[in-house]
Amino acid sequence: MAPIPGSGLAKGLAVTLRTMTRKSVTAQYPDTQPELPPRSRGVIGLFEENCTVCMLCARECPDWCIYIDSHKETVPPAAPGGRERSRNVLDRFAIDFSLCMYCGICIEVCPFDALFWSPEFEYAETDIRDLTHERDKLREWMWTVPAPPALDAGAEEPKEVAAARKTADKLAAAQAAEPEQAAGTQRAAEPGQPDGPGQPGTPRQPGTPGQEGRA
């Protein structure tokens, strides 16, 4: 069926009329904060404790807007007789948001979950040089990062959580076994306890095999 001439124009005018009759709603920002979706790309927060200074985020950044400085420290051995280890210590972690294009590559490639998206967006500056934020400011934005969404009821437990729970169960079992071992040691050390068969100080019964003078 051929379209009626002018039907497209009529539909467009109908949409315009419906829009004109609606009451406009203006968000009174900044008195009223906008409701942002949980995955908004506002700013990047740094969880410094997870950073190992692997430099992967800085190498993969297409804008080269991440600046990292570090130094090496010698860690004493954890046990006597062990050898010393060296580890990287973070000195500076800064992001120049005047260059950042919010692609999220640095967050995706971080193998230790040290970078997160925060919906915070109120960090405008009058000077472009002030848009380079150091790790102290990035750490403050970590507290605005929303919690991750809950897993589905039938989803598998993350490997990291399963490994942490397994380690915690082993530690709890070891702590529970310590009092039992201590009690057993104390009973063995108490005086007057009869020794087991064949142990020094055990009186032999007459006529038992191995007694001296037996024919």
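Quick note: numbers below take in every heavy atom, side chains included, and nothing from hydrogens, waters or symmetry partners.
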- Task: Decide yes or no for Ile68 and Cys57: does some side-chain heavy atom of the first lie under 4.5 Å from some side-chain heavy atom of the second?
- Result: yes
- Query: Minimum heavy-atom separation for Ile44 to Trp117, with atom names?
  - Reply: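 Here Ile44 and Trp117 meet closest at CG1-CZ3, 3.7 Å.
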- Search all heavy atoms of Phe121 against all heavy atoms of Pro34 and return the closest pair with its distance. CZ-CG, 3.9 Å
- Query: Of all residues at least two apart in sequence or in a different chain, which pass the side chain to side chain donor-acceptor pair (under 3.5 Å) check with Tyr67?
  - Reply: none
Any donor and acceptor pair, going by atom type alone, linking the side chain of [X] with main-chain N or O of [Y] inside 3.5 Å?
{"X": "Ser40", "Y": "Leu36", "value": "no"}
{"X": "Asp96", "Y": "Ser98", "value": "yes"}
{"X": "Arg41", "Y": "Tyr102", "value": "yes"}
{"X": "Ser7", "Y": "Ile4", "value": "yes"}
{"X": "Asn50", "Y": "Asp113", "value": "yes"}
{"X": "Arg92", "Y": "Arg135", "value": "no"}

- Check the angle between the aromatic planes of His133 and Phe97 and answer parallel, tilted or perpendicular using the 30° and 60° thresholds. tilted
- Query: Is any side-chain N of the basic residue among Arg139 and Glu134 closer than 4.0 Å to the acidic one's carboxylate O?
  - Reply: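 Salt bridge flag = no for Glu134 with Arg139.
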